[in-house]
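Below is one structure, written out as structure tokens; comments come after it.
Nothing fancy with the numbering, it's 1 onward along the sequence. Counting convention: from 1, in listed order, for ligands and their atoms alike.
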Amino acid sequence: MNQRMYQLGSKRSVIREIFEFGKTRAQEIGAENVYDFSLGNPSVEPPACVKDTLLKLIEEPDQTALHGYTSAQGDLFVRRAIASHIRGNYDENADENYIYMTVGAAASLTITLSALCEEGDEVVTFAPYFTEYKVFAETAGARLVAVESDPDTFQIDFEKLEAVLGKNTRAVLVNSPNNPSGVVYNRETVARLAETLEKASEKFGHTIYLVSDEPYRELVYGGVEVPYITKFYTPSIVCYSYSKSLSLPGERIGYIYVNPKTEGAKELYLAVCGAGRALGYVCAPSLFQKLVARCVGKTSDVSVYRKNRDTLLNHLTKCGFSCVRPDGAFYLFMKTPEPDASAFCERAKKYDLLLVPGDDFGCKGYVRIAYCVSPDMIARALPAFEKLAKEYSL
Ligand code: PLP
């Protein structure tokens with residue numbers, strides 16, 4: 001068998017391990033006594049249009065069309081609806097011929113990196129980063145290079161970025177709002193990133209692509225803007241997913257948008273189609289393609305996440321813990337009062353608080369707290385955080 005695949009399959013992710021532990025513990029002491037902050041599974045209901053559309057779709061007379069194969073890159077009318085939404089809100093150049101429907105952001109990223117990279121290329125990203133990036137980059141034959149972010153803000157450290165860009169850099173991968181820090185890059189940061197990549201592309205004599213992983217685009221609080229990457233940097237690709245915006249992570253639906261202004265955009269889009277084919281990702285789920293075409297622009301009620309963020313952040317700060325204030329997504333990245341984050345998580349388990357060590361996100365000395373849980377659970381967990389803080393005399 002292929003040894004890399006064996007390793008990937010036999011070593012479960014730390015997040016999954018903790019989640020499984022939580023399920024076992026819930027059987028022992030009751031689910032209401034386990035404070036599981038491990039997984040980014042949305043707790044907010046999908047917006048009403050999801051159920052309404054599903055009911056309408058399953059009553060449609062032509063059920064073979066509903067459940068049949070679509071075009072490899074997705075149904076034309078679906079891609080048209082998405083392109084029109086992008087044109088109306090972010091980028092007037094959006095075009096259905098540059099959109100490729102996928103089974104969520106994970107597939108969007110694997111396809112995009114496979115379309116871009118050759119063996120030996122490097123994909124640069126910023127720590128902390130989503131744990132699967134390494135797997136996606138290596139599947140594309142590339143090496144993931146992580147650049148530490150500014151530890152006080154988790155924004156880009158441009159000196160460190162410039163130091164790693166080189167002749168092997170094929171792409172830079174950003175994720176804003178970020179999992180796990182919740183940080184959002186503002187216009188100034190994105191413009192500076194674009195300028196840095198333009199200069200580096202010139203210096204090294206080849207295009208460095210900018211890939212934007214955007215499952216949390218709509219999950220921002222207090223009117224914070226998430227700048228649209230293609231407006232700042234031409235050779236760019238957006239990897240989108242409806243997993244969080246429509247609370248549909250199990251249905252596996254998203255898309256790739258190649259900036260049509262990119263030099264060689266047609267060929268790049270064909271490479272995306274090729275990678276989708278090679279990886280067996282053609283023809284994303286037909287029912288959910290049709291659903292997103294009708295729900296485009298709608299989102300779940302993200303005010304619940306905002307309330308959770310405020311309750312938890314206030315309480316943790318009051319207890320003496322420190323975290324960078326997240327403007328988006330639904331995670332808090334908290335500094336641990338001891339350097340070993342895994343040891344801290346073990347102590348937290350004593351109070352049935354299930355947190356994820358930051359090590360797998362490329363950042364030691366932190367834990368991730370996924371607050372996409374019910375506000376009730378947050379309220380019940382507050383005393384447990386207080387007891388944990390007392391152990392460290394905070
Ligand atoms: N990228 C980031 C930053 C994520 O947090 C996730 C999922 O949590 C993904 C990609 C994968 O998303 P999807 O479920 O749409 O494949």
Side-chain angles (χ1 to χ4, degrees), residues 13-16 18-19 36-44 46 50 74 82 100-114 123-137 139-140 144 146 149 154 171-185 210-220 226 229 237-257 275-276 279-281 284-285 288-289 291-292 295 299-300 302 305 326-333 356 358 360-363 368-373:
S13 88
V14 175
I15 303 176
R16 289 271 158 198
I18 299 170
F19 180 65
D36 185 353
F37 293 98
S38 64
L39 212 59
N41 218 357
S43 60
V44 174
V50 167
I82 292 169
Y100 186 95
M101 299 307 295
T102 65
V103 284
S108 300
L109 288 163
T110 318
I111 292 173
T112 298
L113 296 181
S114 299
V123 174
V124 172
T125 196
F126 302 95
Y129 57 85
F130 180 54
T131 48
E132 296 298 279
Y133 284 176
K134 192 163 179 289
V135 179
F136 301 158
T139 298
L144 187 75
S149 300
F154 287 129
V172 170
L173 169 56
V174 289
N175 168 225
S176 162
N178 183 267
N179 173 9
S181 73
V183 157
V184 177
Y185 295 154
L210 183 56
V211 178
S212 182
D213 177 23
E214 305 200 346
Y216 303 98
R217 162 160 287 281
E218 295 83 3
L219 277 68
V220 279
V226 184
I229 235 87
I237 302 175
V238 174
C239 292
Y240 185 83
S241 162
Y242 292 95
S243 292
K244 320 286 169 161
S245 60
L246 290 179
S247 300
L248 292 176
E251 305 303 350
R252 317 305 300 138
I253 192 81
Y255 62 83
I256 296 165
Y257 166 49
L279 293 162
Y281 277 144
F288 279 84
Q289 282 192 46
L291 179 130
V292 297
C295 296
T299 54
S300 302
V302 302
Y305 301 136
D327 281 324
F330 39 47
Y331 308 101
L332 278 166
F333 207 49
V356 179
D360 276 13
F361 300 96
C363 221
R368 188 188 78 169
I369 305 173
Y371 59 78
C372 47
V373 296

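The shortest N/O to N/O separation between Tyr216 and ligand 1 falls below 3.5 Å. Residue Tyr133 has no nitrogen or oxygen atom sitting less than 3.5 Å from a nitrogen or oxygen atom of ligand 1, judged on distance alone.
Ring-plane geometry between Tyr133 and Tyr129 is classed as parallel, the angle between the planes falling under 30 degrees on a 0 to 90 degree scale with a further cut at 60.
In terms of heavy atoms, Ile18 sits closest to Ser38 at CG2-CB, 3.8 Å. Taking every heavy atom of both residues into account, Tyr331 and Asn178 meet most closely at CD1-O, 4.2 Å. Looking at every heavy atom in both residues, Ser181 comes nearest to Pro326 through O-CB, 3.6 Å.
Of the protein's heavy atoms, Arg252 NH1, 2.9 Å lies nearest to atom 14 (O) of ligand 1. Protein heavy atom closest to atom 6 (C) of ligand 1, with residue, atom name and distance, is Phe130 CZ, 3.5 Å. Nearest non-hydrogen protein atom to atom 15 (O) of ligand 1 is Ser241 OG, 2.6 Å. Annotation: atom 1 (N) of ligand 1 to nearest protein heavy atom, Asp213 OD2, 2.6 Å.
The contact set between ligand 1 and Asn179, taken as ligand atoms under 4.0 Å from a residue heavy atom, comprises 3 (C), 4 (C), 5 (O). For ligand 1, the atoms sitting less than 4.0 Å from at least one non-hydrogen atom of Ser243 are 13 (P), 14 (O), 15 (O), numbered in the order shown with element in parentheses. Interface atoms of ligand 1 facing Asn175, defined by a heavy-atom separation under 4.0 Å, are 3 (C).
Using a 4.0 Å cut-off between heavy atoms, Ala106 contacts ligand 1 through both its backbone and its side chain. Heavy atoms of Tyr242 found under 4.0 angstrom from ligand 1: none, in either backbone or side chain.
Atom OG1 of Thr125 sits about 11.5 Å away from atom CZ of Phe130, to the nearest 0.5 Å. Atom OG of Ser108 sits about 10.5 Å away from atom CG of Leu113, to the nearest 0.5 Å.
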With a cut-off of 3.5 Å and sequence neighbours excluded, list every side-chain donor-acceptor pair involving residues 246-256.
from	atom 1	to	atom 2	distance (Å)
Ser247	OG	Val44	O	2.8
Ser247	OG	Ser300	OG	2.8
Arg252	NH1	Pro249	O	3.0
Arg252	NH2	Val103	O	3.3

Test log, rule ring-ring contact (aromatic ring centres under 6.0 Å, His included), inputs Tyr216 and Phe330: CA-CA 9 Å; Tyr216 303 98; Phe330 39 47; 5.5 Å; yes
side-chain contact (heavy atoms from CB on, under 4.5 Å) between Thr110 and Glu132, intermediate numbers included: CA-CA 10 Å; Thr110 318; Glu132 296 298 279; over 6 Å; no
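Which of Lys244, Glu132, Glu251 comes nearest to atom 7 (C) of ligand 1 through a heavy atom is settled by distance: it is Lys244. Here atom 12 (O) of ligand 1 lies nearest to Ala105 when heavy atoms of Pro215, Ala107, Ala105, Cys239 are compared.
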